[in-house]
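Note sheet for the following structure.
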Amino acid sequence: GNSVTQMEGPVTLSEEAFLTINCTYTATGYPSLFWYVQYPGEGLQLLLKATKADDKGSNKGFEATYRKETTSFHLEKGSVQVSDSAVYFCALDTGRRALTFGSGTRLQVQP
Amino acid sequence: KAGVTQTPRYLIKTRGQQVTLSCSPISGHRSVSWYQQTPGQGLQFLFEYFSETQRNKGNFPGRFSGRQFSNSRSEMNVSTLELGDSALYLCASSILGQDTEAFFGQGTRLTVV
């Protein structure tokens with residue numbers, strides 16, 4: 001079956017530090033890959049996505065590249081802000097409108 | 001345009017009772033999916049509806065059911081509530097056929113006591 005593995009959190013960084021959150025996946029077929037973000041007390045918001053190998057998704061300074069050879073979709077940001085503190089979820093969809101999520105990584109950014 | 005609306009935002013129920021949660025998708029979205037979020041199991045897919053038909057179902061017992069109306073609004077029902085059903089229930093809508101981006105509501109926080 002499909003599965004997504006994310007690095008354990010929490011990840012604690014100082015403001016303006018570089019961020020990497022690792023994500024690897026197992027899937028049948030050719031999934032679309034997503035990063036969602038969840039702020040306290042809120043639902044999920046789509047951060048970025050990539051639908052085929054070597055695609056790079058980007059939004060709000062965050063980037064992730066769909067690497068088929070390593071089955072990875074690592075999230076990166078060059079300079080984090082306090083407002084980026086949230087829980088980040090990596091997810092995949094094989095076209096069945098059923099997202100498979102990782103366990104989530106909590107990011108805490110300190111001023 | 002208005003986002004995905006879930007009602008109610010919070011619910012407290014007693015073991016053995018049943019509960020119905022509601023989701024209004026973004027206008028024009030015909031696909032509605034439901035997810036359960038718990039600290040132990042994370043985010044898990046419950047089911048997906050399109051044009052009033054359930055197309056996909058996750059690995060949940062039959063106590064969890066849902067339906068979709070002709071205006072795409074959806075409800076999910078949980079019967080014979082158990083303590084373990086306490087969770088944040090999230091609804092997501094999407095435009096089928098364009099891309100797989102799902103827009104999530106803020107969720108309904110269900111507490112079973």
Side-chain angles (χ1 to χ4, degrees), chain A residues 1-10 21 23 25-52 55 57-60 62 64 66 73 86-106, chain B residues 3-7 9-10 21 23-26 29-51 53-60 66 68 72 74 87-109:
Chain A
N2 301 331
S3 66
V4 176
T5 302
Q6 286 183 239
M7 59 189 291
E8 291 285 330
I21 300 178
C23 170
Y25 68 90
T26 302
T28 54
Y30 302 96
S32 293
L33 301 175
F34 306 85
W35 277 100
Y36 281 86
V37 58
Q38 186 174 35
Y39 297 99
E42 300 291 323
L44 300 171
Q45 299 176 25
L46 179 66
L47 183 58
L48 53 84
K49 67 177 182 180
T51 57
K52 61 183 187 297
D55 268 1
S58 61
N59 186 27
K60 300 180 181 178
F62 291 90
Y66 190 144
F73 192 55
V87 181
Y88 292 81
F89 293 91
C90 185
L92 66 83
D93 182 1
T94 54
R96 298 174 62 244
R97 298 294 186 274
L99 289 163
T100 300
F101 287 92
S103 57
T105 302
R106 182 175 301 278
Chain B
V4 178
T5 303
Q6 291 188 246
T7 55
R9 289 291 310 276
Y10 302 92
L21 313 181
C23 172
S24 294
I26 292 171
H29 286 197
R30 298 170 65 189
S31 172
V32 174
S33 301
W34 289 89
Y35 294 83
Q36 181 195 64
Q37 185 177 24
T38 60
Q41 299 298 317
L43 280 153
Q44 294 186 288
F45 170 74
L46 280 157
F47 27 65
E48 186 254 353
Y49 287 86
F50 179 77
S51 291
T53 300
Q54 184 184 91
R55 298 195 307 171
N56 296 314
K57 189 177 192 306
N59 189 26
F60 279 82
Q68 186 180 34
S72 294
S74 177
L88 180 67
Y89 290 88
L90 293 166
C91 166
S93 74
S94 63
I95 301 176
L96 190 64
Q98 292 200 12
D99 58 43
T100 57
E101 178 172 352
F103 294 84
F104 283 80
Q106 292 184 296
T108 294
R109 172 76 62 186

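Values reported hereafter were calculated over all heavy atoms of this structure, with side chains retained and with hydrogens, waters and symmetry mates removed. We name chains A, B, ... by the order of the sequence lines, and we start the count at 1 in each one.
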Under 4.5 Å, counting heavy-atom pairs only, tell me which of B/L43, B/L46, B/L90 racks up the most with chain A.
-> B/L43

Contact origin within B/R55 toward chain A - heavy atom pairs under 4.5 Å | side chain

At a heavy-atom separation under 4.5 Å, does B/Q37 approach chain A through its side chain, its backbone, both, or neither?
-> side chain

Turns out that what part of A/L44 lies under 4.5 Å from chain B's heavy atoms comes down to both

Against chain A, label B/E48 side chain, backbone, both or neither, depending on which of its atoms sit under 4.5 Å from a heavy atom there.
-> side chain

B/Q54, CD: over 12 other non-hydrogen atoms inside 6.0 angstrom = yes

For B/Q36, all residues meeting side chain to side chain donor-acceptor pair (under 3.5 Å), sequence neighbours excluded | B/Y89

Go through the atoms of A/Q38 and report whether side chain, backbone, both or neither lie under 4.5 Å from a heavy atom of chain B.
-> side chain

pair B/Y35-A/L99: side-chain heavy atoms closer than 4.5 Å = yes

Output all residues satisfying side chain to side chain contact (heavy atoms under 4.5 Å, CB included) with A/T105, sequence neighbours left out; order by chain, then residue number.
-> A/Q6, A/M7, A/V11, A/I21

Do other residues, nucleotides or ligands put more than 12 heavy atoms under 6.0 Å from B/R9 CZ?
-> yes

Considering residues, nucleotides and ligands other than A/Y39, do more than 12 of their heavy atoms fall under 6.0 Å from its OH?
-> yes

Do other residues, nucleotides or ligands put more than 12 heavy atoms under 6.0 Å from A/K52 NZ?
-> no

Does the ring centre of A/F101 sit less than 6.0 Å away from the ring centre of B/F45?
-> no

Out of curiosity, B/F104 CZ to A/E42 CD, how far, rounded to the nearest 0.5 Å?
-> 14.0 Å

